[in-house]
Amino acid sequence: MKTIINFFAIVLLTMVVLSCTKQEDPVEELNLPTITLKSPSLLKAKAGYERVELSWKLPFDPRVKEVLVLENGTTNPTTLLVNSNKEMSIILEASEGEHTYTITLIGDGDLKSKPATITAKSYGKSYKDNLRPIDIIEVVQDGFGAGIKWKENDSDECTSVLISYTDDSGEQKKLSFKANELYARIPAFLKGSKFLATLMYSPEEDCLDEIPSNSVEKKFPTLPDNEYVEILSKCSNKLLNSFNTTNNGWWDGTGWWNSANVLSVLIRYAEVTNDTSVKALAETVFNKNKQENFLNQFFDDEGWWGLAWVDAYQLFKEEKYLDMAKIIFDDMLTGWSDKWGGGIFWKKNPYEYKNAVTNGLFCILADRLYAITGDEKYYSHFKNDIEWIDQSGMVNANFFVEDGLSNENGLPTKDNNWTYNQGLFIGAYVRWYNLSKDNAFLETAKKIADATISGYAPNEWGGFATNGVLHERKWGEANMNQDREQFKGIFMRHLRTLYEVTNDQRYKNFYFSNANSIIEHNFNAEKIELGRHWQGPLIGSNSATISSGLDCVIEAYRFASKE
């Protein structure tokens, strides 16, 4: 019995001792392993204007409840509650310069992660003050709203242009455009109101903000939509839709060389309206014919295509168009001969007939390629040909351009004069004046223009104009064909070159008188027909006559848009 009592006494004493030992040993509990949280991953920082954005990814751990974001050197962290999203971000105000932040995850109790560190950059006033503002070239009425053009900015950080304006209902609007487009169309605006144009810059590839330069204030035009909008819009759309995709790039109702002129007219239309559909059309025409390099048996045909591809290059900035123009020029150069003192032949196999159109085209193409490339070979060939033209006698005493030189004796033909040759020689002579500053060439160009627009008639074949409206001389006007239907527009296209040098208002008025006559006497808006006789009646509408008329209307439209 005593033994049993002693046993229970020992057991009871042992339990008491163990119980006291557990309660009095807190140090052993604190030394247990502490469970910490994983740090956030995929930390990223975006720079902004006087602010930064920080982002990170949370670990898959339901114990994470909060995130503390603390800038180094400060004591007040920003606390974010964790939701179901595993990716988090925050935008913080920040002065200009670099900033370092720590991001710490907080869990239940004392659970937390090791701080993760990230550096972010903020841009501010000193960066903005050094940004170049927009350089606006012009603000014009474009018939579809207002057109705003600006100069190219060479900074890679320049990304867009923001236009802040008042629309025609009085509402404040903002539109953004790519900076490298160099053009903005504002579809509906309050006439005469002011607008702000701002270049936007992105100093880093993935920047939080576009940073604005100082804004430039300009005014919208006050003119109503001018009277040339309807004919310009309808006829250009008809040309866009009449391109024959089943052949090698001819427009319906035209020949090969006419089609080059149709393309040039449409490119000029795109230049003034920013119609993007013309770019795709030029691509189609190019791809259908690039294998043959737009070359054939006639050097004048090649010249028209050479100029068309220079037009395409200057508007669309694609090197393949410039390369094609160079190939065409080099082929035309093979037509040069010292027979009759120089000049380019009209055709190959056999080489024969040196005429005005081929050499006028060669000179203008040489000048345009020289202006783009700076290659002296183009200058040299231009000089040789224009000086040969000037002594060839093709510009007669009445300042009518003869068609060419006789194959038999090299003397100029007589009374075989055409409006397009008048225009090409005006263009060639003015361009050589611009390079050489030889005033004699400018004076000749002016005399050719004046002889054309004045209606001067040296003999029974008449002149080139009646009551301010352009036409071919009598026998040519009475016997129009596919070629001659194109001629008048070419004259109007190159007369602009002379106007730009002289600013002679007579030339400007000549555009208006012809464009107005076309609208009144030679245009059917419902059927979208534009005929061969600008003075009327409306006869023989096709792609050649429409594009020829548009050559005139485009220039009148440009003038009216700027008044």
D375 and K326: CA distance, side-chain angles, deciding distance, salt bridge (Lys or Arg N to Asp or Glu O under 4.0 Å) verdict: CA-CA 11 Å; D375 190 332; K326 292 177 181 178; over 6 Å; no
Audit row: F362, F329, ring pair (Phe, Tyr, Trp, His ring centres under 6.0 Å) steps and yes/no: CA-CA 7 Å; F362 183 79; F329 179 87; 4.8 Å; yes
Side chain to side chain contact (heavy atoms under 4.5 Å, CB included) assessment of F510 paired with L470: CA-CA 9 Å; F510 193 67; L470 188 67; 4.0 Å; yes
Test side chain to side chain donor-acceptor pair (under 3.5 Å) applied to S169 and D167, step by step: CA-CA 5 Å; S169 67; D167 71 9; 2.7 Å; yes
Stepwise side chain to side chain contact (heavy atoms under 4.5 Å, CB included) check, T79 with V67: CA-CA 6 Å; T79 302; V67 179; over 6 Å; no
Salt bridge (Lys or Arg N to Asp or Glu O under 4.0 Å) evaluation trace for E138 with K218: CA-CA 10 Å; E138 64 178 358; K218 293 287 184 178; over 6 Å; no
Steps toward side chain to side chain donor-acceptor pair (under 3.5 Å) verdict (T452, Q422): CA-CA 7 Å; T452 308; Q422 299 289 109; 2.8 Å; yes
Side chain to side chain donor-acceptor pair (under 3.5 Å) between E555 and Y507, intermediate numbers included: CA-CA 11 Å; E555 297 305 332; Y507 307 144; over 6 Å; no
Trace of the salt bridge (Lys or Arg N to Asp or Glu O under 4.0 Å) decision for E485 with R532: CA-CA 6 Å; E485 291 170 342; R532 60 176 61 136; 2.7 Å; yes
W305 and W257: CA distance, side-chain angles, deciding distance, ring pair (Phe, Tyr, Trp, His ring centres under 6.0 Å) verdict: CA-CA 7 Å; W305 283 108; W257 80 272; over 10 Å; no
From CA spacing to verdict: side chain to side chain contact (heavy atoms under 4.5 Å, CB included), Y49, L208: CA-CA 8 Å; Y49 185 71; L208 178 60; over 6 Å; no
Candidate pair Q486 and N258, rule side chain to side chain donor-acceptor pair (under 3.5 Å), full reasoning: CA-CA 7 Å; Q486 196 80 52; N258 303 84; 3.1 Å; yes
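The cationic group of R496 lies under 6.0 Å from the six-membered ring centre of F559 and within 45° of the ring axis, placing it in a cation-pi geometry. In this structure, K44 is not positioned above the aromatic face of W56 in the sense of NZ or CZ being under 6.0 Å from the six-membered ring centre and within 45° of the axis. For K290 and F294, the positive end is not near the middle of the six-membered ring at less than 6.0 Å and at most 45° from its axis.
Taking the side chain as every heavy atom from C-beta outward, Y101 and H99 approach each other to under 4.5 Å. Looking at heavy atoms from C-beta onward, I148 lies out of side-chain contact with Y183 at the 4.5 angstrom threshold. Under the 4.5 Å side-chain criterion, counting only non-hydrogen atoms from C-beta, L175 is in contact with I186. Taking 4.5 Å as the limit, every side-chain heavy atom of W309 sits out of range of all side-chain heavy atoms of L365. The side-chain heavy atoms of V262 and W250, taken from C-beta on, include no pair separated by under 4.5 Å. Between W534 and H471, every side-chain heavy-atom pair lies at or beyond the 4.5 Å cut-off. Between S164 and T198 the shortest side-chain heavy-atom distance does not fall below 4.5 Å. Looking only at side-chain heavy atoms (C-beta outward), P133 and L199 stay at 4.5 Å or farther from each other.
One distance of note links NZ of K149 with CD1 of I137; it measures 7.5 Å at 0.5 Å rounding. For the atom pair CD (E319) and CE (M324), the distance works out to 13.5 Å, reported to the nearest 0.5 Å. To the nearest 0.5 Å, the span separating OG on S277 from CG on L266 amounts to 8.5 Å. Remark: T166 OG1 to F220 CZ distance equals 8.0 Å, nearest 0.5 Å. Atom CD1 in I103 sits 10.5 Å away from atom CG in L70 (nearest 0.5 Å). Rounded to the nearest 0.5 Å, atoms SG (C363) and CG (L424) are 10.0 Å apart.
Between E529 and K527, no side-chain nitrogen of the basic residue sits less than 4.0 Å from a carboxylate oxygen of the acidic one, so the salt-bridge criterion is not met. A salt bridge links D209 with R51: the closest approach of a Lys/Arg side-chain nitrogen to an acidic carboxylate oxygen falls below 4.0 angstrom. Using a cut-off of 4.0 Å between Lys/Arg side-chain N and Asp/Glu carboxylate O, E205 and K46 are scored as not salt-bridged. A salt bridge links R368 to D311: one of the charged nitrogens lies within less than 4.0 Å of a carboxylate oxygen. A salt bridge links K194 with E217; the closest basic N to acidic carboxylate O contact falls under 4.0 Å. Of the charged side-chain nitrogens involved, none lies within less than 4.0 Å of a carboxylate oxygen, so that D168 and K173 do not count as a salt-bridged pair. A salt bridge does not link K178 with E181: every distance from a Lys NZ or Arg NE/NH1/NH2 to an Asp or Glu carboxylate oxygen is 4.0 Å or more. Looking at K279 and E283, no side-chain N of the basic residue comes within less than 4.0 Å of a carboxylate O on the acidic one, giving no salt bridge.
Side chains of T254 and S259: a donor on one and an acceptor on the other come within 3.5 Å. A side-chain donor from one of Y123 and E204 sits under 3.5 Å from a side-chain acceptor of the other. In summary, the side chains of Y165 and E171 do not present any donor paired with an acceptor at a separation below 3.5 Å, with no hydrogens or angles considered. With 3.5 Å as the limit, one finds a donor-acceptor pair spanning the side chains of S126 and E96.
Heavy atoms only, all atoms of each residue included: L43 and T117 are closest at CD2-O, 4.0 Å. Between Y201 and N153, the shortest heavy-atom distance links the atoms OH-ND2, 3.0 Å. Residues N293 and I328 approach most closely at O-CG1, 3.6 Å, considering heavy atoms. When every heavy atom of I546 is checked against every heavy atom of I528, the shortest pair comes out as CD1-O, 4.2 Å. What you find for A120 and A45 is that their closest heavy atoms are CB-CB, 3.7 Å. Among all heavy-atom pairs drawn from A325 and G306, the shortest one is CB-O, 3.7 Å.
Within a 6.0 Å sphere centred on CD of E376, other residues, nucleotides and ligands contribute more than 12 heavy atoms. For N503, the CG atom sits in a packed shell: over 12 heavy atoms of surrounding residues, nucleotides or ligands are nearer than 6.0 Å.
Relative ring orientation between Y228 and F512 is described as parallel, the plane-to-plane angle staying below 30° on a 0-90° scale split at 30° and 60°.
Of the residues listed (S202, S176, S160), the one engaging E210 in a side chain to side chain donor-acceptor pair (under 3.5 Å) is S160, and it is the only one. Checking Y370, W432, Y429 one by one against F382, the ring-ring contact (aromatic ring centres under 6.0 Å, His included) holds for a single residue, W432.
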